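Keep in mind it's a predicted model, so treat the numbers as computed, not measured. Chain identifiers are assigned alphabetically (A, B, ...) following the order of the sequence lines, protein sequences preceding nucleic acid strands; residue numbering begins at 1 within each chain.
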Number of protein chains: 2
Amino acid sequence: MTDAVEPPKARRPNTRLEEVARAAGVSKSTVSRVINGEPYVSSKAREAVHQAITQLGYSPNQAARTLAGSRANCIALVVSEQGSRVLADPFFAGVLRGVNAELAGKRVQLVLMMSKEGDEQDLVNYLCGGHVDGVLVISLHGQDPLPRTLADAGLPTVVGGRPLGAGGVPYVDSDNFNGAMEAARYLVSLGRRRIATIAGPRDMAVGMDRLSGWKRGISQARMDADLVAYATDFTPESGAAAMADLLRREPALDAVFVGADIMALGALQTLHAHGKKVPDDVAVVGFDDLMIASTAVPPLTTIRQDVEQLGRTMTWRLMAELAGEENLPPFLLLPTSMVTRVSA
Amino acid sequence: MTDAVEPPKARRPNTRLEEVARAAGVSKSTVSRVINGEPYVSSKAREAVHQAITQLGYSPNQAARTLAGSRANCIALVVSEQGSRVLADPFFAGVLRGVNAELAGKRVQLVLMMSKEGDEQDLVNYLCGGHVDGVLVISLHGQDPLPRTLADAGLPTVVGGRPLGAGGVPYVDSDNFNGAMEAARYLVSLGRRRIATIAGPRDMAVGMDRLSGWKRGISQARMDADLVAYATDFTPESGAAAMADLLRREPALDAVFVGADIMALGALQTLHAHGKKVPDDVAVVGFDDLMIASTAVPPLTTIRQDVEQLGRTMTWRLMAELAGEENLPPFLLLPTSMVTRVSA
DNA sequence: CTGAAAGCGCTTACAG
DNA sequence: CTGAAAGCGCTTACAG
């Protein structure tokens, strides 16, 4: 709700720094210093300026700041459009919420760019053109060299989700490996003997890391990690097809770890269609803990990742770098946690 | 994928308009005219400039353009954070996709702002401060005066979803009324006799419009439109509770129109728990056609709205206004369509 | 701790 | 159809 908010009198002829200076009885330089939080300003001057700013409802012209200064006061969030939408939607909204939360209070704008196939050069030109101070990149596919390109151009860049083709570029990710391993161990602890997995597409690290974690968990229990089906994308349909494949190969399987809730939904359908009771005949564990996990039939046991925290952490990492902090951790992994419901 | 994309040689010392002018053998004014697509430029000059631009990989400094010109070349998408996240997530991602699609090729940046309770004045100051040329507003709640405030300040504004407290501000919405009416008629045509509805919260037009449509459809069939339960928010839990309430009031109900798929998921759970077979005992129709509608148990018959198209249309409407087009339609309604699956 | 002045890279009347 | 010049509103050395 916006209560009693008044539109500034006029639109264009805005209050300028000069008027603030006049009202505060100081020079433009001093006002500028106060605004930018620089030291070496007498507290008397500082106070006068703050008062004038509030009184006049002054809001600095960003374009002028950018042009005159070296900073753009702006970071970009780049999302690759060819990304599987399924995975992208809740993921994307969550990340965005985190980015915004972290940016709150800072005078930094967020511009959103979707990278469409074909205009990569435009995108790179724009990003490297001084319009933004840094870049956040999410939902990368395959060996996309974008992060490497940006980093090589000297633009601070942080990737969300381990990138496959960007060795050395800082990234933040959920701990997919350990989360998946926990899922596997849990199924083992339940006494399941033939445990399968549905893995995400091979061209995304998220799929591969969850697969690796599952394998490790299964192998450590001295069981065979051979029941692997790859889904072609993060959709219920793809999950359903993979499940059918697994049942064909091993009708006696009694558990499955599905590398994404959205695929698990499809897997549940297939199991139901084959007359398999969940969890009695087959235990199912998903990953992500989407909102719909709790209304799945039966409610889905899953590994929860905190997507909003992912957005926050990416932003924190980028802003810290922009602030000149040194020896920042290049890679950050966020812990996952298991949510036990009915399916396993 | 970004193949063979080269980072501009240096970051700061970018190509400037002046260099393009020199390379093309014309004045800065002429280059500016070409870039801005103004008439009165000889095709010879135009061509030379285009060539120079491509050769030098020139990308205009937006800050300078904004400062010198009157346009910001930038529009804002404002999302109110207090919005029910449930409804917001897929909705938001879809709208965003549409906005971006419509903006493709245009030299207009999209900045994202989430309005947090408490900083409305900051938000309004910023938006009205000449930083953006226009505003797109979505997921408004209650009588939020934000759109009115912006419009009164002379800032072109388009709202996504009929706003309750912004009389006269242009908006784009899905045709919730007719979609819901179609759902009601369909249930009637199935021979159902006691048809209920679960409506969204009273403070959002989307909930009220769908309720109105359902009422009209039911009344026209000369049936009682009295079985209404209001959900407190767009969540499965809220839908489940509303369904339980309806069953308590009318154990013999044989159909229910749920004003959002995400609530329908909860309603299905409640029906299942009460031993009601869907669709045999109770037919269920949802609204939205989220991806998860097809994997509901049973797969959900629903009214599909095209959220991406909503984003595109909002953007088109705003850009048309910015381009100075006159007599634009103030309100635009996008058609919905029924998707028949198993639940009804 | 403070101010006068130059300059960031464009657009826009103005004059031709 | 084209160019020279002023100016958009800040920041940043520089001098004090």
Side-chain angles (χ1 to χ4, degrees), chain A residues 8 10-49 52-53 56-74 107 109 125-126 129-131 133, chain B residues 8 10-49 52-53 56-74 107 109 125-126 129-131 133:
Chain A
R11 190 148 110 67
R12 278 310 298 170
N14 251 312
T15 318
R16 276 149 312 174
L17 193 154
E18 188 163 8
E19 303 169 37
V20 174
R22 209 176 311 139
V26 298
S27 72
K28 287 166 46 180
S29 308
T30 298
V31 176
S32 178
R33 290 188 188 104
V34 171
I35 290 172
N36 293 294
E38 281 169 31
Y40 303 119
V41 181
S42 67
S43 53
K44 183 160 154 276
R46 190 180 303 277
E47 234 166 85
V49 170
I53 287 178
L56 300 171
Y58 172 70
S59 160
N61 180 312
Q62 293 304 327
R65 297 186 78 187
T66 302
L67 184 56
S70 35
R71 281 170 270 80
N73 303 303
C74 181
R107 292 194 157 271
Q109 286 313 310
N125 278 346
Y126 180 86
H131 301 115
D133 299 320
Chain B
R11 190 148 111 68
R12 280 309 298 168
N14 252 313
T15 319
R16 275 148 314 175
L17 194 154
E18 189 162 7
E19 303 168 37
V20 174
R22 209 178 310 142
V26 298
S27 74
K28 286 164 48 180
S29 308
T30 298
V31 176
S32 178
R33 291 191 186 99
V34 172
I35 289 171
N36 294 295
E38 281 169 32
Y40 304 119
V41 180
S42 67
S43 55
K44 183 160 153 277
R46 192 180 301 278
E47 232 168 87
V49 170
I53 287 177
L56 301 171
Y58 172 69
S59 161
N61 180 313
Q62 294 303 326
R65 299 187 76 188
T66 302
L67 184 56
S70 35
R71 281 169 272 78
N73 303 303
C74 180
R107 290 191 159 273
Q109 284 314 309
N125 278 345
Y126 180 85
H131 301 115
D133 300 320

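Nearest-nucleotide mapping onto DNA chain D: of B/Gly25 and B/Ala64, the residue sitting toward the 5' end is B/Gly25.
For D/dG16 and D/dT12, the C1' atoms lie 16 Å apart once the distance is rounded to whole Å.
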Distance-only donor-acceptor pairs under 3.5 Å for side chains of residues 36-48 of chain B, two or more places apart:
from    : atom 1 : to      : atom 2 : distance (Å)
B/Asn36 : OD1    : B/Arg65 : NH2    : 2.4
B/Asn36 : ND2    : B/Ser32 : O      : 2.8
B/Asn36 : ND2    : B/Ser32 : OG     : 3.4
B/Ser42 : OG     : B/Ala45 : N      : 3.1
B/Arg46 : NH2    : B/Glu38 : O      : 3.3

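A distance of 15.0 Å separates CD in B/Gln62 from CD in A/Gln62, rounded to the nearest 0.5 Å.
Counting only heavy atoms from C-beta outward, the side chains of A/Arg33 and A/Thr30 approach each other to under 4.5 Å.
With rounding to whole Å, B/Glu19 atom CD is found 14 Å from C/dC10 atom C1'. When the C1' atom of D/dA4 is taken as reference, atom CG of B/Leu17 falls 14 Å away, rounded to whole Å. Taking atom CZ of B/Arg22 as the reference point, atom C1' of D/dT2 lies 19 Å away to the nearest angstrom. Atom NZ of B/Lys28 is separated from atom P of C/dA13 by 16 Å (rounded to the nearest Å). The CZ-C1' distance, from B/Arg65 to D/dG9, rounds to 18 Å in whole Å. Protein atom CD1 of A/Ile53 is 10 Å distant from nucleotide atom P of D/dC10, rounded to whole Å. The CD atom of B/Gln62 sits 19 Å away from the P atom of C/dC8 (whole-angstrom rounding). Rounded to an integer number of Å, the gap from A/Leu67 CG to D/dC10 P is 12 Å.
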> For DNA chain D, what dot-bracket results from Watson-Crick or G-U pairs at under 3.5 Å, with [ ] for crossers and | for inter-strand partners?
Replying inline: |||.||||||||.|||

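Distance from the side chain of A/Thr30 is smallest for C/dG3 among the nucleotides C/dG3, D/dT2, D/dG9.
Across all non-hydrogen atoms, the minimal contact from B/Leu56 to B/Val20 is CD1-CA, 3.9 Å. Across all their heavy atoms, B/Ala23 and B/Ala52 have their closest contact at CB-CB, 3.9 Å. Across every non-hydrogen atom of A/Cys74 and A/His131, the tightest pair is CB-O, 3.9 Å. Here the closest heavy-atom approach between residue B/Thr66 and residue B/Ala72 is recorded as OG1-O, 3.3 Å. Minimum heavy-atom separation, A/Ile35 to A/Tyr58: CD1-CE2, 3.6 Å.
DNA chain C is contacted by B/Ser32, B/Arg33, B/Asn36 of residues 31-48 of chain B, taking any non-hydrogen atom closer than 4.0 Å.
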> Are B/Arg22 and B/Glu19 close enough, and set up right, to give a salt bridge (Lys or Arg N to Asp or Glu O under 4.0 Å), and what steps lead you there?
Replying inline: CA-CA 5 Å; B/Arg22 209 178 310 142; B/Glu19 303 168 37; 5.9 Å; no

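Phosphate proximity of D/dG3 to B/Ser27: present, with a side-chain N or O under 4.0 Å from OP1 or OP2.
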